[in-house]
2 protein chains.
Amino acid sequence: MGRRPLISDEELLARLGRAFRNLGYEGSSLAKLADESGLKKASLYHRFPQGKEQIAGEVLDFACQSLEQTVLASLRSDDQPDLRLRAMIDQLRVFYSDGNRACLLSMLSSPLSTADAFSERIKKTLETWISALEQTLEEAGLAPGQARQSALTSVALIQGSLVLARGMKSTQPFELAMEQLQRDLVDEARPH
Amino acid sequence: MGRRPLISDEELLARLGRAFRNLGYEGSSLAKLADESGLKKASLYHRFPQGKEQIAGEVLDFACQSLEQTVLASLRSDDQPDLRLRAMIDQLRVFYSDGNRACLLSMLSSPLSTADAFSERIKKTLETWISALEQTLEEAGLAPGQARQSALTSVALIQGSLVLARGMKSTQPFELAMEQLQRDLVDEARPH
DNA sequence: GTCTATAGGAAGATAGAC
DNA sequence: GTCTATCTTCCTATAGAC
C-alpha cells in the first residue's frame with residue numbers, strides 16, 4: 001500500500017516556501033501551493049490538516065531553523081569575531097541566493113499595529129539574529145550601545161537590500177549591501 | 001441631484017492607501033477597501049471603473065507623487081547639501097509616520113523574476129530617489145562611485161528599518177536608522 | 001498518501017434603483 | 001454619486017475512491 005510520501009517533509013516545505021516568499025500569505029492560494037509543491041490540494045490537507053495557516057506556520061519554522069543553522073550559526077563559532085562576521089556574509093549570499101530570494105520573515109509580517117499567529121516567531125527570530133550579531137560586535141571591541149545599534153542597522157540594511165532587489169528587479173542592491181557590511185563590520189572588527 | 005462626491009479624490013486615495021500599505025495587494029479585498037474608504041464596493045467601481053488594479057495603480061501614483069513632493073523635493077532645494085540631507089530625514093519621519101507606516105513601494109512589489117503593472121512605476125521611483133540622493137552626496141564632495149553606493153545603501157537602510165519595525169512591532173529600528181543616516185550622511189556632508 | 005469531485009463561502013465585478 | 005442586490009469566479013476545506 002502506497003503510504004510512503006512521494007516527497008519528503010523537507011523538500012515539501014522548501015517548495016512551499018518558494019510560494020510564500022514570492023507571493024506572500026494572501027497571494028499563496030491553495031491552488032498555487034499545490035502547483036508549486038507538485039501535490040494536489042487534498043494531499044496538502046492530508047499532510048497539513050489545519051490547512052493554509054498550518055502550512056505557512058511550518059514553512060516559517062523551517063525557514064527560521066534554516067537561518068539559525070547557517071547564518072546565525074556562523075556568528076556563534078569559536079573563530080575570531082572578524083572571521084565570524086565574514087562567515088555570516090558568506091552564508092547570507094547562500095541563504096538569499098545572491099539577492100534573488102525574498103525573506104520569509106518580511107513576507108509574512110503583519111502591520112505594526114496588529115499581531116497574528118506568525119508575529120511572535122518573526123519577532124523572536126529577528127531579535128535572536130540581532131542579538132547574535134550584537135554579541136559578536138561586542139567581542140570585536142565595540143561599546144555595548146554601539147554594538148546594538150550597529151547590529152540592528154546591519155540587519156535592516158540586509159532586509160532593505162532585498163526589498164530594493166525586488167523593487168528594482170536587480171540583485172545589485174544586495175551585492176552592494178554585502179560589500180558595505182564587509183567594510184563596516186568585518187574591517188572594523190579586524191584586529192589592528 | 002447629489003452628484004458631488006462625498007469624499008475628495010485625495011482623501012479617498014489616502015484612505016485606500018492605508019489598506020494597501022497594511023495588507024498588501026492580495027490582502028486588500030474590495031470589502032476591506034470599502035470599509036477603509038467609507039464607500040460601498042459599487043461606489044468604488046463607479047470611481048475606479050477598471051476595478052481593484054486601477055485602485056492600486058492610482059494609490060501608488062498618488063503615493064509616489066507625495067514622496068516626490070516631500071522627501072525628494074527636500075533633496076532638490078538650493079540649500080547646502082548637508083541641510084538638504086537633514087531636511088530629507090525630517091521629511092522621512094513625516095512620510096513614514098515615525099516608522100508606523102509601511103512603504104507602498106515595498107508592499108506592492110512583485111518577485112524579482114516577474115513583472116506586473118506596478119513594477120515599472122516602483123522601479124522608476126526608487127531609481128529617482130537614489131539618483132537624487134546620489135546627486136546631493138556628490139555635491140557634498142563624495143566621489144561619484146562612492147555617492148552612488150552610499151545612496152543605494154541609504155535607501156536600503158530606510159526600507160529595511162520599516163521591515164524591521166513591522167516584524168519587531170516597534171518603531172525603534174526606524175528611529176535608529178534615522179539617527180544613523182544623520183551621522184553617516186549629514187555629518188559627513190557638513191563642510192569642515 | 002494521493003487523488004477526483006464537490007460543498008460552502010468569500011472574492012471581484014455588474015445591474016439598476018434612488 | 002451612492003446604494004442594495006446579484007452574478008460569476010476563485011478560494012478554503014472536506015468526502016470518499018484508489
Side-chain angles (χ1 to χ4, degrees), chain A residues 1-60 62 107-108 110-111 114 116-118, chain B residues 1-62 104 107-108 110-111 114 116-118:
Chain A
M1 21 195 154
R3 300 270 177 67
R4 305 225 45 195
L6 292 182
I7 177 179
S8 72
D9 283 356
E10 265 117 46
E11 176 64 19
L12 182 53
L13 290 173
R15 293 188 192 180
L16 293 168
R18 250 178 67 94
F20 285 109
R21 272 198 312 273
N22 287 334
L23 308 170
Y25 184 81
E26 305 292 344
S28 297
S29 67
L30 266 291
K32 283 173 180 158
L33 292 171
D35 286 349
E36 197 74 46
S37 68
L39 293 181
K40 298 295 180 183
K41 280 192 282 183
S43 301
L44 288 177
Y45 275 98
H46 175 77
R47 296 179 67 161
F48 304 94
Q50 290 149 297
K52 183 173 168 176
E53 193 167 325
Q54 183 187 3
I55 298 179
E58 296 203 14
V59 162
L60 177 60
F62 183 69
M107 294 304 291
L108 294 182
S110 50
T114 67
D116 58 24
F118 312 133
Chain B
M1 23 194 148
R3 300 269 177 67
R4 303 227 46 198
L6 293 182
I7 176 178
S8 71
D9 284 354
E10 264 119 46
E11 176 64 19
L12 182 53
L13 289 173
R15 293 189 192 179
L16 292 167
R18 251 179 65 97
F20 286 110
R21 272 199 310 274
N22 286 333
L23 309 169
Y25 184 82
E26 306 291 344
S28 297
S29 66
L30 266 292
K32 282 174 181 158
L33 292 171
D35 286 349
E36 197 74 46
S37 67
L39 294 181
K40 298 296 180 183
K41 278 193 284 182
S43 302
L44 288 177
Y45 275 98
H46 177 77
R47 296 178 70 160
F48 305 94
Q50 290 150 299
K52 183 172 169 177
E53 194 167 325
Q54 183 187 4
I55 298 178
E58 295 202 15
V59 162
L60 178 59
D61 285 342
F62 182 70
L104 255 188
M107 294 304 290
L108 293 182
S110 51
T114 68
D116 57 25
F118 312 133

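As the structure is a prediction and not an experimental result, all values here were calculated from the model. Within every chain, numbering begins at 1; the chains are lettered A, B, ... in the order of the sequence lines, protein sequences first and strands thereafter.
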(message) How many whole angstroms separate atom CD of A/Glu26 from atom P of C/dA10?
(response) 14 Å

(request) Using whole Å, report how far CG of B/Leu6 lies from P of D/dC3. (result) 7 Å

(message) Which heavy atom of B/Asp116 sits nearest to which heavy atom of B/Ser110, and what is that distance?
(response) OD2-CB, 3.3 Å

(request) Please state how far atom CD1 in B/Ile7 lies from atom C1' in D/dC3, giving the value in whole angstrom units. (result) 16 Å

(message) Output the rounded distance in Å from CG (A/Asp9) to C1' (C/dG1).
(response) 12 Å

Quick one: side chains of residues 39-48 of chain B, donor-acceptor pairs under 3.5 Å with protein atoms, not counting sequence neighbours, listed by atom name and distance.
unit_1  : atom_1 : unit_2 : atom_2 : d
B/Arg47 : NH1    : B/Ile7 : O      : 3.1
B/Arg47 : NH2    : B/Ile7 : O      : 2.8
B/Arg47 : NH2    : B/Asp9 : OD1    : 2.8

(message) As a test of reading the structure: which of D/dT12, C/dT2, D/dG1 is closest to the side chain of A/Leu30, going by heavy atoms?
(response) D/dT12

(request) Send over the distance from B/Leu33 CG to C/dA11 P, rounded to a whole Å. (result) 11 Å

(message) What residues from residues 37-50 of chain A pass a heavy-atom cutoff of under 4.0 Å to DNA chain C?
(response) A/Leu39, A/Lys40, A/Ala42, A/Ser43, A/His46, A/Arg47

(request) Could you check how far CD of A/Gln54 sits from C1' of D/dA13, rounded to whole Å? (result) 13 Å

(request) Would you mind reading off the distance between A/Leu23 atom CG and D/dC10 atom C1', rounded to a whole angstrom? (result) 15 Å

(request) Whole angstrom is fine here: how far is it from CD1 in A/Ile55 over to P in D/dC11? (result) 14 Å

(message) Looking at A/Ser28, is its backbone amide N or carbonyl O close enough to the side chain of A/Lys52 to form a donor-acceptor pair, meaning the two atoms are under 3.5 Å apart?
(response) yes

(message) Any non-hydrogen side-chain atom of B/Leu23 less than 4.5 Å from a side-chain atom of A/Glu26?
(response) no

(message) Does atom CZ (A/Arg18) have a neighbourhood of more than 12 heavy atoms from anything else shown, all under 6.0 Å?
(response) no

(request) Decide yes or no for A/Ile55 and A/Phe20: does some side-chain heavy atom of the first lie under 4.5 Å from some side-chain heavy atom of the second? (result) yes

